[in-house]
Trainee: 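Take this structure first; my questions come after.
Order of the sequence lines fixes the chain letters, A, B, ..., with proteins taken first and strands second; residue numbering starts at 1 for each chain.
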Amino acid sequence: MLKTYINSTIFFFKQIRKTIFLNLFNTIITLLIILLISVASIHAFKWLIFKANWKVVISNLPLYAFGSFPPDEQWRPATWIISLLLLSIFTLCGPEWRWLRKNLLIVWLGTIPLGLYLLYGGLGLSPIMSRHWGGLTLTILLTVFSSLLSLPLGIVLALCRQSSLPLTQKVSSIYIDVMRAIPLIAVLFFGQLLIPLFLPLGMEIDRVWRAIFAFTLFVSAYIAEDIRGGLQSIPNTQIEAANSLGLNQYQIIQFILIPQALRIALPALTNQSIGLFQNTSLMAILGLVELLGIGRSILANPEFIGQYIEVYVWLACVYWIVCTIMAVLARHLEKRMTINQANF
Amino acid sequence: MEPIVVAKNLTKSYTKGLRALDNVSLTVDKGKVLVVMGPSGSGKSTLIRTFNGLETFDKGEINILGIKVDSTHDERKIQKIRRRVGMVFQQFNLFPHLSILENITLAPIHVQKRRQIEAEEYGMYLLSQMGIDSHAKKYPIQLSGGEQQRVAIARALALKPELLLFDEPTSALDPERINEVLDAMRTLAEQGMTMIVVTHEIGFAKDVSDQVLFMDSGKVVETSPPNIFFSNARHERSRKFLNQLDKH
Amino acid sequence: MKINQKLFLQFGICIIFFGLIGILINNLTINLIRTGLGFNFSWLFKPASFALAEHPLPYTSSDSYAWALFIGWLNSLKVIVSSLILATFLGTLIGFARTGTNSLLGLISAGYITIIRQTPLLLQLMFWYFVGFLGLKDNMFIQIKNILNISNQGIEFSGLTFSSEFLALLFGLSIFTSAYIAEVIRGGILSVSRGQWEAFRSLGISERKGLTLIILPQALPAIIPGLTSQYLNLAKNSTLAIAVGYSDIYAINDTIINQTGRAIECFIILLISFLLLNLLITNTMEIINRLILKSREYS
Ligand SMILES: Nc1ncnc2c1ncn2[C@@H]1O[C@H](COP(=O)(O)OP(=O)(O)OP(=O)(O)O)[C@@H](O)[C@H]1O
Ligand SMILES: [Mg+2]
C-alpha cells in the first residue's frame with residue numbers, strides 16, 4: 001500500500017521532470033513563469049481582498065440579474081430562468097422516455113410563450129413594458145429567442161442554397177454572403193434604425209424585438225452555412241437508399257437530410273449560440289440594458305464612479321461561467337449523440 | 001408465365017461515346033432469380049439501378065410489374081415502381097441516425113401510410129426472419145457488416161415488394177459473414193420472391209439462380225441457365241471471366 | 001411533369017418573394033417621403049462639419065462627407081492590419097506553447113484561451129480602454145528620455161504617437177483574436193501525423209528546429225484557411241471601435257447618420273466598404289497561399 005504510494009509519487013515527479021525541466025531552456029522558462037505567476041497572483045489577491053470594493057457588485061445584484069424589473073415582480077423572470085436551467089439539465093441527463101424525447105423540441109419551443117407571458121404579464125399578471133427588462137434576464141432572453149428563431153431560418157436558407165431552383169439558390173446565396181460580410185454591430189444598428197422604415201405606417205416594434213430580429217437575420221446566415229456543410233457531407237448513397245424506398249423529395253429532406261445535417265453541424269451550432277450569448281453584449285452600446293449595459297449604467301452612477309475593474313471583473317466572471325456551462329452542456333450533448341448513433 | 005421485368009434495347013452512356021449499357025434486353029418471370037455477372041465496369045450496377053429509376057437511360061424501354069417507363073423517365077411512374085420494388089446495396093446504406101427498427105418502419109409509415117404499431121409489428125417479424133430481432137433498438141454502427149446487410153434486406157422487404165434488386169450485397173463483407181446474408185437470400189428465393197442479383201458468388205448462383213446473365217462493356221454476352229453457364233459457357237469471354245474468378 | 005412542377009414552384013416562390021420585397025419597398029418609400037429625405041448620394045460632397053481626432057491624411061471639418069468616410073476607411077485599415085500582425089504573432093506563440101512539451105506553459109495557454117474566448121470582446125475592449133489606458137493615474141506613466149512615453153493619452157515612441165483609443169482597440173482585438181489563432185495553429189499542428197514527429201526526432205533534429213522546419217510547413221495548408229476566416233472576423237470585430245471612440249469606418253457612418261438621417265445610403269456605403277476590406281483580405285491570403293505552394297514546388 002505504502003509502496004505503491006511512494007512509487008506513484010516518484011513516477012509523478014519523474015513525469016514533472018520530463019515535461020517541465022526537460023532541458024536548460026525549458027527549465028529557465030518554467031522558473032520564469034512560476035516567478036511571474038506568483039508575483040501576479042500575489043498582486044491579484046492583494047487587490048481582490050484589500051483594495052477592491054465589492055459593494056458595487058453586492059448591493060446591485062438584483063439589477064445585474066433582472067434590470068429595472070419591478071422588485072415585487074422579480075420572481076417572474078427568476079421563474080423563467082430557473083425553468084430554462086431545469087429544462088437544459090433535463091434534456092441532458094433526463095430519462096430516455098421515447099415520447100418525451102420526441103416532444104422535447106416542442107417543450108423547448110414552449111419556453112418562448114412561457115417567457116413572454118412571465119415577462120410581459122397580462123392574464124392575471126400585471127403587465128410590464130419591455131423597457132423594464134434588463135440584466136442577465138434580457139441577455140438570456142435575447143440569446144434564447146434569437147437562437148430558436150434563427151435555427152429554422154438557417155435550415156430553410158441552407159436548403160434553398162442547395163436547391164436546384166436557380167432563383168431560390170441565387171437569392172439565398174446572396175443573402176448569406178452579404179450577411180456574413182458585414183459586422184454584427186452594423187446589422188444591429190440598422191436593425192434598430194431601418195426596421196421601422198420598412199414597416200407600414202402606424203406599426204411599431206419595440207427595441208427588444210428589433211434586436212431579436214436583427215440577431216436572427218445575422219445568425220441564421222452563419223447557421224445556414226454550418227448546416228450546408230452538414231448537408232454536403234451526407235453521402236449521396238443515403239439519398240439513393242431513400243429514393244429506392246419510394247420516399248419523395250420532401251420526405252427525404254425531412255427524415256434523412258435535416259436530421260443528419262443537424263447532427264453533423266451540432267458542434268458548430270452550439271458554438272454559434274455561445275457566440276450569440278457573448279454578442280448580445282453589443283446591445284449595450286445600442287441602448288439596451290442587458291448584462292453589460294447594466295454594468296455601464298451602474299458605472300455611470302456617481303456613487304460607483306471609477307470602479308471599472310470591479311464591475312468588469314465581475315461581469316467577465318458571469319459571462320465566463322455561463323459560457324462555460326453552455327460549452328459543457330454542448331459537449332455532453334454531442335457525446336450523447338455519438339454514443340448511441342453513428343459516426344458517418 | 002408472368003413477366004415481372006421486361007427490358008428492351010436499353011442504351012445509356014454517361015460520357016459521350018462510352019456506353020455503360022448497350023442494347024440490353026432481358027426478361028425475368030415471376031418467382032425467378034436472375035444473377036448478373038461481369039467484370040468491373042461492365043455496367044451491372046447501371047443496369048440494375050435503371051429498374052427502380054435510380055439511373056435514367058437514353059434509349060429503349062422497361063416494363064416493371066406492368067408499369068412502362070421509357071427514356072423520358074416519368075417521375076410519377078418511377079415512384080409507383082419504387083413502392084413495389086426493393087433494393088439492397090453493396091454498402092448497406094442504412095440511415096445512421098435511425099435505430100434498426102426505425103430504418104425498417106420509415107418507408108411503411110411515410111410512403112404506405114401504415115399505422116406505426118402495425119409497421120413495427122411487421123418490422124419485428126422481418127427482423128426475426130433475418131435472425132436479428134434482438135438488435136431492433138440499436139443503431140446501425142453497433143452492428144457487424146453481415147447484420148447491417150440483413151437489416152438492409154429487411155428494410156427492402158418492409159414495403160412487401162414484388163421484386164428485389166441486389167447490387168453486390170456481399171462484396172463489402174468479411175468472408176465469414178458472407179454466408180449469413182446469402183442464406184437469408186436463399187430463403188427468400190425459396191419463398192418465391194422474384195430477384196435480380198448482381199454477385200460473384202458462384203455457389204449462390206449455381207444453387208439459387210434460374211438464369212445467369214453475363215455482361216461485358218455494357219453488352220449482354222450471354223444468358224444461360226446456371227448449369228450450362230458454369231460448366232459449358234457458350235462464349236469465350238464468359239469462360240475467360242469464370243477462369244479469372246476461380247483463380248481468386 | 002417534373003419540369004412543369006419545378007417551374008410552378010419557382011413561379012410561386014417568385015411571386016411571394018417579389019411580393020414581399022414590393023411591400024417592403026413600398027413601405028420604405030412612404031416612410032422616406034414622410035420624413036422628406038428621399039434616396040440620393042449628393043450629400044456626400046457637402047462639408048462634413050465634424051472633427052476627427054485621428055486622420056492619417058489631412059482632414060478638416062470643412063472637408064466633404066466622402067473624404068471623412070475615406071479617412072474612416074483608412075483608420076479601419078490601419079487598426080485591422082496592425083492588430084492582424086500582432087494577433088498572428090501572439091497567437092502563434094500561444095499555439096506553440098499549447099502544443100509544446102512544457103506542460104506548465106500548455107496549462108497557462110489553455111487558461112488564457114478559455115478566459116479570452118469565453119468573455120465578450122466588447123467587455124475586453126472596454127476593460128483595455130477604461131482600465132488599461134484611462135485608468136493610468138498620472139498623466140505620465142512611464143517616461144524614458146523622451147523616447148518612450150506612456151500616459152493616459154496614449155503612447156509616444158520616438159516621434160510616433162498612438163492614441164489610447166487606437167491602442168485599446170489594438171490590444172483588445174489582438175488579444176481576442178490571438179486566442180482563436182492559437183486554436184487554429186494548434187489544429188494545424190495536430191493535423192500533422194505523429195510519424196513526422198518521430199521521424200525528425202529519430203534523426204536527432206531538435207524540437208524547435210523540427211517544429212519550424214518539418215511540422216509547420218506541413219501544417220500550413222490546414223492553417224491558412226482558418227487564419228483567413230479569423231482575419232475576416234477581426235476586420236468585422238474592428239467596428240467595435242465605436243465603443244472606445246476610435247473613428248473607424250463604422251463610427252463615421254454612425255456620426256453621419258446621426259447628423260443627416262441617411263440610414264439607407266450609409267448602410268450601402270458600409271456594405272461596400274466591408275466588401276472591399278473582405279476582398280482585400282481574402283485576396284492577400286490567396287496570394288500568400290499560392291506563394292507557399294510555389295516555394296514548396298521548388299524545394
Ligand atoms: N456516375 C457515373 N458517371 C460517369 N460514369 C459512370 C458513372 N457510373 C458508372 N460509370 C461508368 O459506367 C460504366 C459501368 O459502370 P457500372 O458501375 O455499372 O459497372 P459495374 O459493372 O457495376 O462495375 P463494378 O463491378 O465495379 O461495380 C463504367 O465504365 C463506369 O466508369
Ligand atoms: Mg457495381
Trainee: Salt-bridge test for B:D74 and B:K80: reply yes if a basic N is under 4.0 Å from a carboxylate O, no otherwise.
Mentor: no
Trainee: Hey, are A:R228 and A:E225 close enough for a salt bridge, meaning a charged N less than 4.0 Å from a carboxylate O?
Mentor: yes
Trainee: Counting only non-hydrogen atoms closer than 4.5 Å, does A:Q238 touch chain B with its backbone (N, CA, C, O), its side chain (CB onward), both, or neither?
Mentor: both
Trainee: Counting only heavy atoms closer than 4.5 Å, note whether B:V85 contacts chain A via side chain, backbone, both or neither.
Mentor: backbone
Trainee: Below 4.5 Å from any heavy atom of chain A, which atoms of B:L165 appear? Answer side chain, backbone, both or neither.
Mentor: neither
Trainee: Quick check for you: among B:Q79, B:H110, B:R84, B:R155, which has the greatest number of heavy-atom pairs under 4.5 Å with chain A?
Mentor: B:H110
Trainee: Would you please go through residues 35-54 of chain B and name the residues with a non-hydrogen atom below 4.5 Å from one of chain A, in numerical order?
Mentor: B:R49, B:N52, B:L54
Trainee: OG1/A:T280 to CG/A:L141 distance, rounded to the nearest 0.5 angstrom?
Mentor: 10.0 Å
Trainee: Heavy-atom cut-off 4.5 Å, strictly under: side chain, backbone, both or neither for B:F95 against chain A?
Mentor: both
Trainee: I'd like to know if the side chain of B:R150 and the backbone of B:M130 have a donor-acceptor N/O pair within less than 3.5 Å.
Mentor: yes
Trainee: Hey, are B:K68 and B:E61 close enough for a salt bridge, meaning a charged N less than 4.0 Å from a carboxylate O?
Mentor: no
Trainee: Checking A:E290 side chain against A:L138 main chain: does a donor-acceptor pair fall under 3.5 Å?
Mentor: no
Trainee: Scan residues 52-80 of chain B for pairs that pass ring-ring contact (aromatic ring centres under 6.0 Å, His included), counting only residues two or more places apart or in two chains.
Mentor: none
Trainee: For atom OH of B:Y14, is the number of surrounding heavy atoms from other residues, nucleotides or ligands below 6.0 Å larger than 12?
Mentor: yes
